[in-house]
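Notes to accompany the following structure.
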Amino acid sequence: MLDLRPVGYVSGLLVAVLGVAMILPMLVDVAEGRGHWMVFAEASLITTLSGGMIALACANGVREGLTIQQTFLVTSGVWLLLPVFGAIPFMLGETSSDFTDAFFEAMSGLTTTGSTVLSGLDTMPKGLLLWRGILQWLGGVGIIVVAMVFLPELKVGGMQIFKSEGFDTFGKILPRAGQIATQISVIYLWLTVACALSYLAVGMDVFDATVHAFTTIATGGFANYDASFGAFTGPAEYVAALFMILAALPFVRYVQLLNGNATALHRDPQVRGFLVTVLVIVGIAYLLLSSSYSRPWEQDFREALFNIVSIVTGTGYASVDYMQWGSFAVALFFFIGLIGGCAGSTACSIKIFRYQLLFASIRSQLRRIRSPHGIFTPRYDGRPIGQDVLSSVMSFFMFFIVTLGLVAVALSLTGLDFVTSVSGAAAALANIGPGLGETIGPAGNFSSLNDTAKWILSFAMLLGRLELLAVYVILTVTFWRA
């Protein structure tokens, strides 16, 4: 019989940590003097006690390691349980939301999606704005650890390529999962501090710099203003673009850099592929803007750079309404959102390494067609790719496309139009943030959607953040029989 106590113990501890994290926005609300601090005091007490009691009740079942079943349950269960408690501050106080909206906002935060149902951000209590940033920051570091420690072991979506001997991501410098998580967390923290200081240097105040550093490094996209990043122009956009790119690179390579491997980033094929992809798409967007508007070249380049990087990395900031750039730009933004950053980063969506493996397989197949008697093995970074890796990647693409279609159909059945349904499904499943169209596009939000649509999108965010198969496998009968 499956022992759920280790799952409950880990989940309870993380819920308690979330409750402790609520103290920081409480202190900010105390300093602001609006009386909203009681919301976080109550929420922190409820969350910390609940998490602590769950952990204590399951403590007698703790063992050295988790089974595969337990690992799947922890990976999916935590991302389902934490939004329930993370939603509490949104349901209390002067900006109270019902549970559907509160859960949607918390799920969007922890999965670093960036879709929002909240309006009036400009006048919202600072503690609540900070809480949105903290949710995304915690979700960002959490998914890095999951991607580098758990998903390779679970062989989800080709992630086992970063565990096999031929593609040893960690090398001998990182022998244990705990050491991996610690070093990655330290780098994540220092990148956040560097980002906040950079925002301060270009004119943001301390609060805006802090919250936007949280959501930039998490590639989450929650902003403090209804205009998103449009509230800031000029140098701040360049700072954001730089740190969004840095956050979309594999964090384990930063660890290797600090441990003396000077070529760790340069030699990683997914890093090179990601940077080249971003450069090409930014160039296309710049040419589009420069040919459509008579404006200074720097403005065209800055808007193209910022908004393209934001969508490719899945951050979801918007400095302008790019729906006004024309039909080609709308189609471009839809498809680039399905690219994503590197594995082991805070970026979401399909990830660049899966496209590289897919193209390697296609190239190998084409060579076999030209030379039927030849032996052609697909390679990645100069090494042969195992059949299990290719099968896993192909399965991921299939599941992603099918799920995208099913979510879009489900949304259309709730009464949404075609553009909103398809782009909303893509935005949630790829954890991008904004969709397309007047309702959920860069100039809108998700508040006007019906409750059924919000629950569908919340589930799609969970699926996308955990690479689909980590959730789907739990829904099979054989998982529970094993």
Side-chain angles (χ1 to χ4, degrees), residues 11 13-29 36 39-40 42-44 46-48 50-51 77-93 95-97 99-118 121 124-146 185 188-189 192 195-196 207-208 210-225 228 247 314-317 346-348 428 431-433 445-446 454 457-458 461-462 464-466:
S11 301
L13 287 181
L14 292 176
V15 168
V17 169
L18 189 72
V20 173
M22 294 177 183
I23 295 175
L24 187 56
M26 182 190 76
L27 296 176
V28 169
D29 276 341
H36 194 263
V39 168
F40 284 101
E42 295 172 11
S44 178
I46 293 170
T47 304
T48 305
S50 298
V78 164
W79 251 264
L80 189 60
L81 186 61
L82 291 182
V84 173
F85 289 93
I88 295 176
F90 298 113
M91 294 189 290
L92 305 175
T95 57
S96 59
S97 304
F99 180 68
T100 296
D101 282 354
F103 183 84
F104 180 97
E105 195 77 10
M107 178 64 81
S108 178
L110 283 164
T111 58
T112 70
T113 301
S115 304
T116 184
V117 294
L118 298 180
L121 297 175
M124 196 166 285
K126 287 187 175 180
L128 204 59
L129 295 174
L130 178 59
W131 180 237
R132 296 167 81 239
I134 289 174
L135 285 175
Q136 293 206 319
W137 193 79
L138 292 175
V141 69
I143 201 60
I144 296 173
V145 174
V146 167
S185 298
Y188 187 78
L189 175 61
T192 305
C195 183
F207 181 76
D208 282 339
T210 301
V211 175
H212 286 88
F214 284 166
T215 60
T216 299
I217 297 302
T219 59
F222 274 161
N224 290 343
Y225 303 93
S228 187
T315 306
Y317 287 139
T346 61
C348 25
N431 304 116
I432 302 167
N445 64 26
F446 290 71
K454 291 173 184 173
L457 290 170
S458 296
M461 293 179 207
L462 175 67
R465 184 74 279 189
L466 295 180

4.5 Å side-chain heavy-atom contact, [X] and [Y]:
X	Y	answer
Glu105	Phe222	yes
Arg132	Phe214	no
Thr47	Val15	yes
Ile134	Pro25	yes

How long is the straight-line distance from [atom2] of [Y] back to [atom1] of [X], given to the nearest 0.5 Å?
X	Y	atom1	atom2	value
Leu110	Leu135	CG	CG	4.5 Å
His36	Met124	NE2	CE	8.5 Å
Ile143	Leu138	CD1	CG	13.0 Å
Gln136	Thr219	CD	OG1	8.5 Å
Leu118	Ser97	CG	OG	5.5 Å
Ser11	Leu82	OG	CG	7.5 Å

Between Thr113 and Thr111, is any side-chain donor less than 3.5 angstrom from a side-chain acceptor?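 Thr111 and Thr113 do have a side-chain donor-acceptor pair below 3.5 Å.
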Whether the Tyr188 and Thr346 side chains hold a donor-acceptor pair (N or O, under 3.5 Å, no angle test) is what I'd like checked. no
Within the side chain of [X], is there an N or O that forms a donor-acceptor pair under 3.5 Å with the backbone of [Y]?
X	Y	result
Arg465	Ser108	no
Ser44	Gly19	yes
Asn431	Met461	yes
Trp131	Gly86	yes

Between [X] and [Y], which heavy-atom pair has the shortest distance, and what is it?
X	Y	value
Gly140	Ala218	CA-CB, 4.3 Å
Trp79	Gly139	CZ2-O, 3.9 Å
Phe103	Pro83	CE1-CB, 3.7 Å
Gly127	Phe40	O-CZ, 3.5 Å
Tyr317	Ala223	CE2-CB, 4.4 Å
Val28	Leu130	CG2-CD2, 3.5 Å

Could you walk me through whether Phe104 and Leu457 pass the side-chain contact (heavy atoms from CB on, under 4.5 Å) check? CA-CA 8 Å; Phe104 180 97; Leu457 290 170; 3.9 Å; yes
Might you work through the side-chain contact (heavy atoms from CB on, under 4.5 Å) test for Ile88 and Ile46, ending with a clear yes or no? CA-CA 9 Å; Ile88 295 176; Ile46 293 170; 4.0 Å; yes
Could you label the plane-to-plane angle of the His212 and Tyr225 rings as parallel, tilted or perpendicular, counting under 30° as parallel and over 60° as perpendicular?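 Geometry flag for Tyr225 against His212: parallel rings.
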